[in-house]
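Chain letters run A, B, ... following the sequence lines, proteins first and then strands; every chain starts at 1.
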Amino acid sequence: MNTAAAIIYKIPQRRHPAVQFMLHQPLGAAGLAFIVIMALVAIFAPLVTPYDPLTVDYGSMLAAPSWQHWMGTDSFGRDVFSRIIYGARTALAVGFLASLVGSTAGAVIGVISAYFGGKIDLLIQGIMDVLLSFPIIVLALVVVAMLGQKIILGVDVNLIVAIGIPMVPRVARVVRASALAIRELPYIDAARAAGFSNTRIIFRHMVPNVVAPYLIMLTAYVAQAILSEASLSFLGLGVTEPTASWGLMLSGSAADFYQQAPWMIVFPGLAISLAVFAFNLFGDSLRDWLDPKIQI
Amino acid sequence: MKTLRVLAGLVLATIAFCVWPAAAPVPVDGGVLKFAVGAEPPNYDCHAQSSFAFIHPVRPHYSTLLKFDAPNYPKIVGDLAESWVVAKDGLTYTFKIRKGVKFHDGSILSAEDIKATYERIRKPPPGVLSLREEGYADISVIETPDPQTVVFRLKKPNASMLSNFASPWDCVYSAAKLKQDPRFPERNVMGTGPFVFVDHVAGSHWTGKKFDGYFEKGKPHLSGYIALFVAGAPMVNALSAGEIMAEFRGHSPADRDRLVKALGDKAVVQESPWVCSLVVTFNTRKKPFDDQRVRKALSLAVDRWGGAQALQKIALVRHVGGLLRPGYELATPEADLVKLPGFSKDINASRVEAKKLLADAGQTNLAFTLTNRNVAMPYTPVGIFLIDQWRQIGLNVKHEQLETKLYLAAQQKDNPTFDAAVDFNCDYMDEPNLQLQKYLSHDKSAINYAGQTDRVLDDLYDKQSGEIDKKKRIVLLRDFEKRALEQNYTIPTIWWHRIIVTNSKLKGWSITPSHYVGQDLADVWLDQ
Amino acid sequence: MLRYILQRMLMMIPTLLGVAILCFFMLRLMPGDPVQMMMDGANVSKHVLDAERARLGLDQPIYIQFFKWLGGALTGDFGYSIWTGKPVLYEIGIRLELSLQVAVMATVLAVLLALPLGTLSAIYKDTWIDQSIRVFSIAGLAVPSFWLGMVIILFLLTWFSWIPPLTFTPFMQNPKANLLQLIWPALAVGYRYSAVSTRMMRSSILEVLQEDYIRTARAKGVYERLVISRHALRNALLPVITVIGIEFAFLVGGLVVTEQVFNLNGIGKLFVLAVSRGDYTMIQALVLLVSVVFVLVNFAIDLLYAVFDPRIRYR
């Protein structure tokens, strides 16, 4: 792979790779910084938020932004700012887990497909083609409708699966291509001739070579998953009340009130956009840095 | 808050001003009414439908035997019937049919058409779906002594029979068409109503035009109507931009305020209590909901009066009532209602009692899931409210909002596993025989999801249904309500409040406690 | 070449069959029942529900239902909608024009923006021009189309007290009314779409610029503009066309949320309704339609590659 060569070529002074990344990819570094802040805020949400996101206060419904409520309140008198912060928890948890599940499954399938080749490869590619021909949101919609809800530790597992499945064929395709490039190399043949087991060859030789595309896809799909979660929740098929979710904040009563209380849709929409923006910036730069040839 | 208060004042002023048009202006003929319908009818057969989405576009094409007089609800007037006589023993109903009523195809309506229609409803031929067979189970025979007379003979008296004949669902079909094909009305619209069917563009709109041969002279005033299938925010947007004149199901208070603000003096607001309520169903097949003390505690914990105050600002619920709509002549008046468990105005005392009951039942740390429908209005606010109420007596209740299909399945499947569910009870008129169905034993009622068997309630129901003396019926109804609210298999929460905002150009339409009645559009006109 | 085309066409069959099987059985596993849904909690006794299920053929074993449906689908008969009882193809037909038009308009917008912006971004790589175009396009990926739609409507309503027409008018009948309704959703989705294409355009040109023949051209002293327009652009276009094609295929059936926001009577809204109603026959036909569009677009792209890029081997 010329990736490794490229990196070595780029680092004559042998600075720390993180420093290198920041110097060469300022936009990506900004995105990463935003993600870190968002994650910290989400983790320490109870310390950051002025109100409990679930507490209903019929005394201050639909209050405009003020010093008490920075982003106003919703139709239940719940503090919009607090719900946005807790919504970051939902978005990051669902986004990250869905992307992890989808990308990992895709990577595993891609490597298997590439390593064994032949009929197995053909079969897997066939199945992936089938999955690929569903639009992401449509596939997620059907899976959500099929599986319903299953909440474990406050996270809807089925929602994660529904959002993750559409990523599988896309990741599998890219990873397979990278893995195929290695399969042809002489040292794999040598390893096979030396009698190494399939598992050992896959894990020792192929997996390290598909790490770069895997990481790139993983980052990119966190953004996609956050968008999918927002869309599904907006349609009423994702996260349900009273859990705080950005997409959910845009649907239901927000749609009824949005002319009179525009803060109810402006802030959640901005939150989604900023989060996705940050992940895209970071993902994009990560790709440019690690392997510009990969197309997400 | 201040703007809200100003708005509320404005709204009240508009109501006071507009509900009673002082000197009725002379209706103007002509114009096409555009209004919104929040959903779309699956097929065109009145007898097989139960949704308002059906009534609003389809009802103007048909006539019924009797109908509710919308401005004077619940007064019943003749539609196709000119006059009627009910025998003293309540066993014979004789109707005189108007002369010369024409169907849209030009044929003349006779008593035979009425008979054929009701035979189809009470005993549908194979392949025909009829949702209201049971309401007419007490009829033994329908006779047509002459073309203008139809006689219904009953097996036993039935207190709801006359209002049944005013049901908006009993569209009168042509006997000749039904004879050719009993399923004719599923795909074709052909009645005697004020408007002739023009077209239905699936997913988009429904069009009707004035029927020149309509039996009431000088009506309808409109030259036609277009029902647009639009819901939610796009519907409110269309109303506030003046694209459409009305939506006849009901708006949330927020929508009302928004529309009043956007339309200014062009907004006409009409409000009424609604024959709809959200109830909570406990799955009595399951522990600990098989324990009456637990169910009663959960009902006691709900501050209905306080909740009504708060929720009416954001949701279309407002009225506290028992099993019948508050304000309905057979309903329990407030003075008596507050003595029933769960309806006391002293919520703290009720909560103390609730905690004690839970302690007796060994369920102080009860945790369960409330299954709700993922429809924003009013299910979500009421669900959030209930969970908050139960939290206040120390219970941890999870909220599960399911998509409608899953929600219905969760309650209706064999051996359901839900704990408690928010359920709805919405009827086309005030009538105990309809509203009490939810509270009957599960083998007696298809809409009982609590799963209990309680023969005392069943027995009281049968008695009140056969009691045509109103005073005696009320006594029986009170007994029924008292037992139902002590046993708490299914508990009422807060009754709905219907709010309709129309454009001031729309005239001749009045609100009723049901969004199913008063929709034939015969009297509606547009002030150009 | 002909053999390649035939081979490629045969390969579509197992994919579509897979889609049909997967979709059919997934739907039957879905909890919930369309008949229950139709009654929506009405007081209807069980024998009435059972009679209705029998009438719709839902009481038969699943595999029999499947073969009946497949048999019909192969002869072009996709059955009747469970919900409306009308032919599925009729229901789709009346909505297809709208969805296609929005997809086409969004595509035009995307192409008009993406070609110049992507090229500029690549030529001026790592300058402020590149950075701002990248920010613009990454933002396009980040802003949810449905939210942009909500903001557009809010804007029109607040400033002009006007909303787009509620019913669809075919373009041929009244171009103005037609455009007034569809331009807004096209804008809302077109922004995202153009962002995707701009990014592809940029990276694809960057890649081509590293190729040997570009270096040769430059070394020969060919003007930079000529290098870009004659050599780089032509070769960079193929991947961009791919992205545009795939996005177009998705737009035809995938405007699910945006159509909801704008109340458009299109394929996406029909899809959401069909899913919520449990209208199996409708969902099956829609999913198949979307996959057919997707597969065909892919086929067309492959052909393009084969024609324009001699490096592709016909295997």
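Contacts between C:Ile163 and chain B at a heavy-atom distance below 4.5 Å involve backbone atoms as well as side-chain atoms. The part of B:Ser50 that comes within reach of chain C is its side chain, from C-beta onward, which places non-hydrogen atoms under 4.5 angstrom from that chain. With a 4.5 Å cut-off on non-hydrogen atoms, B:Phe229 touches chain C through its backbone but not through its side chain. When heavy atoms are compared at a cutoff of 4.5 Å, B:Leu434 does not approach chain C at all. For C:Arg277, the parts lying under 4.5 angstrom from a heavy atom of chain B are both the backbone and the side chain. Both the backbone and the side chain of B:Leu131 come within less than 4.5 Å of a heavy atom in chain C. Contacts of C:Tyr90 with chain B are made by side-chain atoms alone, with heavy-atom separations under 4.5 Å and no backbone atom involved. With a threshold of 4.5 angstrom between heavy atoms, C:Lys86 approaches chain B through its backbone and through its side chain. Contacts between B:Gln49 and chain C at a heavy-atom distance below 4.5 Å are absent for every atom of the residue.
Taking the six-membered ring where the residue is Trp, B:Trp274 and B:Trp496 present perpendicular rings, their angle passing 60° and hence far from 30°. Classified by interplanar angle (parallel below 30°, tilted 30° to 60°, perpendicular above 60°), the ring pair B:Phe424/B:Tyr407 is parallel.
B:Arg258 contributes atom CZ, which lies 6.0 Å from atom CG of C:Leu157 (distance to the nearest 0.5 angstrom).
Your options are B:Lys34, B:Arg187, B:Glu134, and the one with the most heavy-atom pairs under 4.5 Å with chain C is B:Arg187. The candidate from B:Pro124, B:Ala241, B:Ala202 with the greatest count of non-hydrogen atom pairs under 4.5 Å with chain C is B:Ala202. Heavy-atom pairs under 4.5 Å with chain B were tallied for C:Asn263, C:Ile94, C:Val275; the largest tally goes to C:Asn263. The candidate from C:Gln260, C:Arg95, C:Glu91 with the greatest count of non-hydrogen atom pairs under 4.5 Å with chain B is C:Arg95.
Within the 3.5 Å criterion, the main-chain N or O of C:Gly72 finds a donor-acceptor partner in the side chain of C:Thr75. Formation of a donor-acceptor pair under 3.5 Å by the B:Glu247 side chain with backbone atoms of B:Arg249 is found in this model.
Across C:Tyr193 and C:Phe248, no two heavy atoms sit closer than the pair OH-N, 3.5 Å. When all heavy atoms are compared, the tightest approach of B:Asn433 to B:Tyr461 is O-OH, 2.9 Å.
Taking the ring axis of B:Tyr136 as reference, the NZ or CZ atom of B:Arg132 does not stay both within 45° of it and closer than 6.0 Å to the ring centre.
With 3.5 Å as the limit, one finds no donor-acceptor pair spanning the side chains of B:His56 and B:Trp206.
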